[in-house]
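We number each residue from 1, following the sequence as shown.
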Amino acid sequence: MTLRGPAAAAESWTPRHVVLLLAGLALGIAVRAALLPAAEGTGDLDQFVAWTHGLATNPLGRAYDQDISFPPVMVYVWWSLTWIEPAFRTAVDASDPAIRALMKTPASLADIGLALGAVWALRTRPSWAVMAALGIALHPAVIDVSAWWGQYESLYVLAALVAFLFAVGDRPALAAVALAVAAMTKPQALPLLVPFAAWYLARYGWRRSVAYGAIGAAVIVVLWLPFLAAGGPAAYARNLAAYQNDIFAVLSLRAWNPWWLVQELFAGGDFVSDTTAIFGPVTFRVLGLVIAALLEGVVFLAVLRAPTPRGLALGAAAAALVAFSALTTMHERYAYAALVFLVLLIADPRVLATWVAFSVAFTLNLLAAAPPTETVDALLPASGPLAIAGSVALTAVTGSTLWLLLRERREWLARRAAEPAAEGDRVPVQVVG
């Protein structure tokens, strides 16, 4: 299975490419280093520090005695910080700049890992590789989420990107390991399992796919082992349910998606409970789940019929965007994975246009939902005409990405019909085509 056409032609790396890449990465690192001690205004870091304090003062296996709403990989990340900085034994919030900087460091390092992953994926196209890498390392949304806000989206997306690189490099067992790590980092990785499942079935058949799935399941079991004796998995499920049902049970948590439009148009921008019945026992949440399931089914079938590197990248972006657009209780940053998987295909003008539109709307959504300064808060209100326009734009991006994925399916089937001998070829790592 090979990529065809001039877009797949290899180039040579030049000193100019290397200098531009290193300079851009250095600038990205410098910006992050300057922002790491900064005080964000959402209070999330205070919660993360409080959990880390609990890990520093209690056995690791009792982690989920706290109301931690993250799977075990994030627990390991925070636990490792307690070994680097003993002050977590006394620190219960993020008031110390050094503590803030340390808490933000894992995600900021993952940002650079994402940029390097893009370089590796596009290494036969150095000009595009540099553009993609800098599109991640210097992207204002990426910097804001990790280095200012102190969120951990880049960690699960990095694991998913590594899974992608292993998958298209024909290393399915290692891809299964990386995918399990992604799923056990944040729940927002779960939609990404859909296109990967289709990829495995298309490439390896049911029997081998089940075997690779067993590898991923074994990794998940190993990650949970230290917490089993204290009932960690059950406690995590209760914690997550409490957040979903008691704290965040609204149509949209300032995510500019179709549900935010409902809140804007019918509630003046106020939150609306997603447990409200629409007809009979059907609530907004149930309706969102049904819509998401149907659209994720479209993603699954498209990747199943187009198991190309490009199809998998578009499938991952589409799966993330479908979840963001269709499900209720979405936060503004939950479409993050699309930013990374779309950038792998920016040599295609259609994808580039989609990525740029998404970047603008996504960044504005982030800044409006969690403004870093009072000036930004005044300029970018979370509700109103801008939010309506942003919701329409991000919904259109979801539709555009699904269209691109279905187009890839049609084009792949046409290529297969014209070149049936290509069926047994190995998938290359490069994804631009």
Side-chain angles (χ1 to χ4, degrees), residues 69-71 73-74 114 145 151-164 167 175-176 178-202 209 213 216-217 220 240 243-244 248 251-253 255-259 274 285-304 306-307 311-344 354 358 362 365 394-395 397-406 408:
S69 58
F70 289 78
V73 170
M74 280 311 308
L114 289 170
V145 169
Q151 299 290 341
Y152 297 99
E153 313 307 305
S154 59
L155 290 177
Y156 84 83
V157 178
L158 177 60
L161 178 58
V162 170
F164 172 84
L179 200 57
V181 171
M184 291 297 100
T185 303
K186 289 201 72 176
Q188 287 69 46
L190 295 178
L192 303 180
L193 299 180
V194 172
F196 277 94
W199 170 276
Y200 275 97
L201 284 174
S209 295
I220 291 173
L240 195 60
Y243 276 89
Q244 289 292 312
F248 299 137
L251 292 185
S252 171
L253 285 149
W256 287 351
N257 59 17
W259 295 117
D274 71 337
R285 180 177 297 187
V286 170
L287 179 60
L289 286 169
V290 171
I291 295 172
L294 291 174
L295 292 178
E296 295 292 1
V298 172
V299 173
F300 179 88
L301 292 174
V303 177
L304 186 68
L312 183 57
L314 285 171
L321 287 168
V322 162
F324 176 82
S325 297
L327 294 175
T328 58
T329 74
M330 287 291 103
H331 286 269
E332 62 289 326
R333 61 187 183 279
Y334 286 177
Y336 190 98
L339 191 71
V340 174
F341 283 101
L342 285 176
V343 83
L344 301 180
T354 301
F358 173 69
F362 182 61
N365 191 183
L394 288 173
T395 302
V397 165
T398 302
S400 175
T401 305
L402 284 169
W403 176 80
L404 288 166
L405 176 58
L406 293 173
E408 172 64 14

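The side-chain contact (heavy atoms from CB on, under 4.5 Å) search around Leu193 returns Leu179, Leu190, not counting sequence neighbours. Every side-chain contact (heavy atoms from CB on, under 4.5 Å) that Phe248 has, sequence neighbours left out, goes to Tyr243, Leu253, His331.
Here the side chains of Leu155 and Lys186 are not in contact, with every heavy-atom distance at 4.5 Å or above. Between Met330 and Trp259 the shortest side-chain heavy-atom distance does not fall below 4.5 Å. Between Phe362 and Glu332, every side-chain heavy-atom pair lies at or beyond the 4.5 Å cut-off. Side-chain contact between Phe164 and Leu312 is present, with heavy atoms from C-beta onward closer than 4.5 Å. Put simply, the side chain of Val298 reaches to within 4.5 Å of the side chain of Leu406, judged on heavy atoms. For the pair Pro187/Tyr156, no side-chain contact is recorded, criterion being any heavy-atom separation below 4.5 Å from C-beta on. Proximity of Leu405 to Val303: side-chain heavy atoms (C-beta onward) are separated by under 4.5 Å at one or more points.
Between Ala202 and Pro307, the shortest heavy-atom contact is CB-CB, 3.5 Å. Taking every heavy atom of both residues into account, Tyr200 and Ala176 meet most closely at OH-N, 3.1 Å. For Ala167 against Phe196, the heavy-atom pair with the smallest separation is CB-CE2, 4.2 Å. Annotation for Gly216 and Ala180: closest pair O-CB, 3.4 Å, computed over non-hydrogen atoms.
Under the 3.5 Å distance criterion, the side-chain polar atoms of Asn365 are matched with a main-chain donor or acceptor of Trp256. Under a 3.5 Å cut-off, the side chain of Tyr334 and the backbone N or O of Ala255 do not form any donor-acceptor pair.
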Report all side-chain donor-acceptor pairs from residues 313-327 shorter than 3.5 Å, counting only partners two or more places apart or in another chain.
{"from": "Ser325", "atom 1": "OG", "to": "Leu321", "atom 2": "O", "distance (Å)": "3.0"}
{"from": "Ser325", "atom 1": "OG", "to": "Thr398", "atom 2": "OG1", "distance (Å)": "2.8"}

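Interatomic distance, CZ of Arg285 versus OG1 of Thr328, reported as 5.5 Å (0.5 Å rounding). The line from CE of Met74 to OG of Ser69 is 10.0 Å long, rounded to the nearest 0.5 Å. Taking CG of Leu342 as the reference point, atom OG1 of Thr401 lies at 5.0 Å (rounded to 0.5 Å). Distance CH2/Trp199 to CG/Leu304: 12.0 Å, rounded to 0.5 Å. Once rounded to the nearest 0.5 Å, the distance linking OH of Tyr336 with CD of Gln151 reads 11.0 Å.
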- Task: Would you please test Leu201 and Phe300 for side chain to side chain contact (heavy atoms under 4.5 Å, CB included) and show each step?
- Result: CA-CA 10 Å; Leu201 284 174; Phe300 179 88; 3.5 Å; yes
